[in-house]
Protein chains: 2
Amino acid sequence: MSKREGLMATIKEVAALAGVTPTTVSNVLRGRGRVGTETRERVLEAVAAKGYRPNLNARALVERRAPTLALMLGCITNPFYPEFTLQANNAARRHGRFLLVCNTDYEPDGGTGFLADVAGSLSDGILVANNGDLHIDELTAIQAAGTPVVISIWESPDISPGIPCVAFDSHKAGFIATEHLLDLGHHRIGALIGSAKNGIHGGRYRGFHDALRSRKVKHIQADARFVTDSYQGGFDAAVDLLKARPDLTALFVSNDLPALGALNAAATLGLRVPEDISIVSITNIELASQSRPALTTVAIPTAEMAEQSIDLLIKLGAGEMDVPAMIRTADPVLVRRASTAPVKK
Amino acid sequence: MSKREGLMATIKEVAALAGVTPTTVSNVLRGRGRVGTETRERVLEAVAAKGYRPNLNARALVERRAPTLALMLGCITNPFYPEFTLQANNAARRHGRFLLVCNTDYEPDGGTGFLADVAGSLSDGILVANNGDLHIDELTAIQAAGTPVVISIWESPDISPGIPCVAFDSHKAGFIATEHLLDLGHHRIGALIGSAKNGIHGGRYRGFHDALRSRKVKHIQADARFVTDSYQGGFDAAVDLLKARPDLTALFVSNDLPALGALNAAATLGLRVPEDISIVSITNIELASQSRPALTTVAIPTAEMAEQSIDLLIKLGAGEMDVPAMIRTADPVLVRRASTAPVKK
DNA sequence: CTGTTAGCGCCTTCAC
DNA sequence: GTGAAGGCGCTAACAG
């Protein structure tokens with residue numbers, strides 16, 4: 001590979017043009033130190049004339065910190081992530097940082113080397129979007145090596161991963177969603193869970209379970225399906241479940257994406273939503289308001305989690321010691337739309 | 001900001017541990033130069049023992065090229081981009097590069113400084129996803145300064161932006177979509193275009209227009225709406241158009257997202273798709289297959305464009321001179337689904 | 001208020 | 001086959 005010509009102006013050239021030293025140019029550009037008004041003018045002119053921009057790599061090297069933060073997520077193709085990413089990106093930019101968005105799903109070695117490279121020099125902090133498949137030991141090692149790590153979208157406010165994190169109350173989300181169904185008079189409710197029973201959506205499932213129990217409603221294991229957290233996963237499981245248990249009047253789905261699949265599955269089976277079957281889920285991604293019928297769902301504080309995570313990362317990077325080990329975000333709230341209605345049968 | 005402790009091992013430390021010089025370690029790690037088998041062993045052990053990873057910033061500084069490629073896109077929240085991003089990311093990783101995903105939509109100064117920083121040192125090449133609002137002069141300047149620039153998703157294979165690009169035939173896409181409608185017997189066809197008449201979807205619109213003309217079907221301006229390229233834009237415009245022109249039997253929409261909005265709008269107006277109105281669009285994002293009815297659309301070669309763009313960027317970065325100024329991708333193809341049917345009235 | 005000196009961690013060139 | 005010297009572009013610490 002032939003290296004490209006160095007057509008970029010360096011600080012030296014700018015300094016020469018302005019008749020000062022690199023230090024002064026550096027000071028002017030970063031507002032450090034005291035520089036005479038006139039000198040500053042001259043420097044600024046030279047900078048403009050040369051179209052100079054500092055080499056961020058060189059700066060990172062000497063400052064021992066990169067101007068970037070990394071966001072590790074499974075697959076950007078899951079519609080939840082773009083929404084989260086946008087908020088995280090905006091928050092990072094507000095702090096003058098660039099956000100490195102890292103798709104880890106298709107990394108060959110499971111992303112180990114990838115993560116180490118990104119953490120080691122490419123970025124100044126790692127924001128891990130919890131996908132239920134965290135390698136805590138790796139993250140701990142990275143943290144120990146000096147790079148701040150924050151886990152976001154943590155589902156259990158009462159269990160700590162041992163790494164700074166931003167959590168929401170997933171149990172309450174499941175509880176609220178289920179209460180809504182119960183309030184509408186449903187008591188034959190199926191569940192579609194986008195993980196294993198004790199997987200990432202375990203808290204949501206327990207919320208569902210506890211809501212039923214609090215109203216003395218029976219729930220049999222046959223009415224639950226533990227599936228892939230995807231549109232297709234929801235579709236397939238809904239077809240299966242609705243056929244097997246035709247007496248169900250409502251479905252609790254642990255996530256919007258499979259709920260959208262379930263919505264379509266119901267239509268495919270000739271069931272009207274919400275007349276024949278109500279569907280409620282959790283998250284409130286943008287698509288939830290665009291489906292037909294629009295999806296009733298329990299909104300989790302996505303934007304808040306993204307922002308708090310970035311803020312926390314910045315604080316950790318700045319060496320602040322009084323940072324909380326866990327930030328609990330606002331409670332989830334029910335967003336009533338058109339996919340749920342009072343029970344009829 | 002207190003700089004973090006340098007707990008990361010340096011090449012020097014590794015070299016010391018292995019009883020060699022940094023040069024040798026470097027050579028071993030990159031497979032350069034000749035190194036004795038035994039020495040190599042010792043070095044590798046030391047590397048493992050220290051958990052050493054080269055500092056990518058330092059390397060970028062001395063090599064004068066970063067290990068990252070940047071993807072500039074409007075807003076990651078538009079569902080087309082995550083799909084494109086995933087492919088670009090995978091292609092970049094195949095070349096050993098990291099992909100820096102840059103949301104430009106919310107940059108304060110229109111992203112000028114942002115782009116310059118990213119181009120100047122953070123990345124070794126810029127992939128610009130065409131959103132119809134390109135600042136060609138800026139891109140040219142960046143290119144002139146030595147950073148390769150490639151424009152992807154270019155819509156007109158016969159017009160060059162003056163910068164290396166990867167294009168698909170948007171005119172043909174519009175033509176094919178419209179022909180499909182004509183073949184089904186429609187001739188009162190409305191158009192929802194996600195840009196100004198000569199904006200980014202201008203080629204698609206002309207394809208629509210030319211298809212009608214080739215069959216001697218009249219198209220009056222009142223049947224076209226130039227709207228925001230979004231779900232809501234499509235929804236609103238469809239409501240408006242369908243009310244104003246109740247005799248229309250089909251809708252040509254320039255993009256899937258507004259088409260999805262139109263689909264919902266039709267239902268809101270009590271029109272059945274495709275019985276009362278057929279809808280066809282262009283792109284074939286994943287959502288197109290998940291709507292109800294599933295959307296008939298003309299697929300554009302998204303994955304191919306992403307891959308070719310990255311490949312081109314890599315070649316340009318390697319200083320290859322025999323690179324084409326424009327790469328034309330495969331032709332768009334019709335994907336028949338459930339939103340179109342033979343005309344009835 | 002401005003300049004000098006030193007070095008961030010690595011790679012390249014050239015001796016040995 | 002291996003080592004020594006020099007420098008990438010920048011900022012830190014200190015001197016003046």
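Convention: sequence-line order gives letters A, B, ...; per-chain numbering from 1.
Within the model, atoms OG1 of Thr77(A) and OH of Tyr106(A) stand 7.0 Å from one another, a figure rounded to the nearest 0.5 Å.
Computed from coordinates, the Arg34(B) CZ to dA15(C) P distance equals 17 Å when rounded to whole Å. Put simply, CZ on Arg59(A) is 18 Å from C1' on dG9(C), counting in whole angstrom units. We find that CG of Leu122(B) is positioned 14 Å from P of dC10(D), with the value rounded to whole Å. Between Leu61(B) atom CG and dT12(C) atom P the separation is 13 Å, expressed in whole Å. Summarising the geometry, the separation between CE on Met8(B) and C1' on dC8(C) is reported as 14 Å, rounded to the nearest angstrom. In this structure, CG of Leu56(A) is placed 13 Å from C1' of dT11(D), rounded to the nearest angstrom. The distance between atom CZ of Arg53(B) and atom C1' of dC10(C), rounded to the nearest whole Å, is 16 Å. Taking atom CG of residue Asn57(B) and atom C1' of nucleotide dG9(C), one finds them 10 Å apart after rounding to whole Å.
The phosphate of dA12(D) (OP1 or OP2) has a side-chain N or O of Arg32(A) nearer than 4.0 angstrom. At dC8(D), none of the side-chain N or O atoms of Arg64(B) fall inside 4.0 Å of OP1 or OP2 (strictly under the cut-off). Here Ser26(B) reaches the OP1 or OP2 of dC11(C): one of its side-chain N or O atoms lies under 4.0 Å away.
Using a 4.5 Å heavy-atom threshold, the side chains of Asn103(B) and Leu73(B) count as touching.
Judged by distance alone, the side chains of Glu138(B) and Thr112(B) do bring a donor and an acceptor atom under 3.5 Å apart.
Of all nucleotides listed (dC10(C), dA12(D), dT2(D)), dC10(C) comes nearest to the side chain of Ala58(B). Among the nucleotides dC10(D), dG3(C), dC11(C), the one closest to the side chain of Arg30(B) is dC11(C). Side-chain atoms of Thr10(A) lie closest to dG9(D) of the nucleotides dT4(C), dC10(C), dG9(D). Of the candidates dC10(D), dT2(C), dC11(C), dC10(D) carries the atom nearest the Pro54(A) side chain, counting heavy atoms from C-beta on.
Only one option out of Arg97(A), Arg93(A), Arg53(A) pairs with Asp117(B) in a salt bridge (Lys or Arg N to Asp or Glu O under 4.0 Å); it is Arg53(A).
The base of dT2(D) has none of its N or O atoms less than 3.5 Å from a complementary donor or acceptor on the side chain of Thr39(B).
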Worksheet item: side chain to side chain contact (heavy atoms under 4.5 Å, CB included) between Leu100(B) and Leu71(B): does it pass, once the steps are laid out?
Response: CA-CA 6 Å; Leu100(B) 212 61; Leu71(B) 168 59; over 6 Å; no

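Within 4.0 Å (heavy atoms only), Thr23(A) reaches at least one base atom of the nucleic acid.
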